[in-house]
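One structure below.
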Amino acid sequence: MEESGKISLELCFGTTCFVMGASKLQEIESYIPPQYKNKVEVKANTCLDLCKNATYMKAPFVKVDGEIISEATVEKVIKAIERKIDG
Ligand code: FES
């Protein structure tokens, strides 16, 4: 949890993640349910350094409050946000 009390959502737009589908996550903010919007802090990264350790096929990566989501899709990320906020 951020100091602001918000959940951090770290997107990766590095080459590996972008090629593997992160481009689809660019609009993710518009999919965040309105009741969660002001509870989420969205940051974009150039590389989360996860593509180097994990297998290439697991990209794109997103971190939700430090939790790594591999093969991230809008649906997976929204679910993770809901889990973090609602427990
Ligand atoms: S490009 Fe996304 S983790 Fe490296």
Side-chain angles (χ1 to χ4, degrees):
M1 187 97 46
E2 295 279 303
E3 272 176 44
S4 55
K6 291 184 178 182
I7 297 281
S8 73
L9 175 59
E10 293 176 73
L11 304 171
C12 182
F13 294 125
T15 311
T16 307
C17 288
F18 202 81
V19 168
M20 295 300 286
S23 55
K24 297 196 185 88
L25 301 172
Q26 277 174 315
E27 300 295 311
I28 194 148
E29 272 192 271
S30 57
Y31 293 102
I32 299 173
Q35 70 270 34
Y36 298 144
K37 266 215 170 113
N38 59 1
K39 295 183 179 162
V40 179
E41 175 122 21
V42 183
K43 297 176 197 160
N45 274 287
T46 45
C47 180
L48 293 168
D49 274 335
L50 296 166
C51 56
K52 299 182 176 105
N53 306 322
T55 61
Y56 193 76
M57 294 307 285
K58 293 267 171 78
F61 297 99
V62 171
K63 274 195 195 174
V64 179
D65 218 24
E67 183 190 328
I68 298 164
I69 314 283
S70 54
E71 296 173 288
T73 58
V74 168
E75 207 188 12
K76 267 186 168 179
V77 173
I78 299 293
K79 280 214 176 101
I81 292 171
E82 285 173 351
R83 236 188 300 122
K84 292 279 177 194
I85 294 175
D86 291 337

Spacing of [X] atom [atom1] and [Y] atom [atom2] [to the nearest 0.5 Å]:
| X | Y | atom1 | atom2 | result |
| --- | --- | --- | --- | --- |
| Ile69 | Glu10 | CD1 | CD | 11.5 Å |
| Lys63 | Ile7 | NZ | CD1 | 14.5 Å |
| Leu11 | Lys43 | CG | NZ | 11.0 Å |
| Met20 | Lys58 | CE | NZ | 11.0 Å |
| Asn45 | Phe13 | CG | CZ | 9.5 Å |

By salt bridge (charged side-chain N to carboxylate O under 4.0 Å, His left out), which residues pair with Glu67, not counting sequence neighbours?
-> Arg83, Lys84
Those residues at least two apart in sequence (or on a different chain) that pass salt bridge (charged side-chain N to carboxylate O under 4.0 Å, His left out) with Glu75 are Lys79
Of all the heavy-atom pairs spanning [X] and [Y], show the shortest one and how long it is.
| X | Y | value |
| --- | --- | --- |
| Tyr36 | Ile85 | CD2-CD1, 3.6 Å |
| Cys17 | Pro60 | O-CB, 3.6 Å |
| Asn38 | Lys6 | O-CE, 3.2 Å |
| Ala59 | Thr16 | CB-CG2, 4.0 Å |
| Phe61 | Leu48 | O-CD1, 4.0 Å |

Just by modelled atom types, is the Ser70 backbone N or O under 3.5 Å from a matching donor or acceptor in the Lys76 side chain?
-> yes
Quick check: are there more than 12 heavy atoms from other residues, nucleotides or ligands sitting under 6.0 Å from CD of Glu29?
-> no
Exactly one of Leu25, Asp65, Val40 clears side-chain contact (heavy atoms from CB on, under 4.5 Å) with Leu9, and that residue is Val40
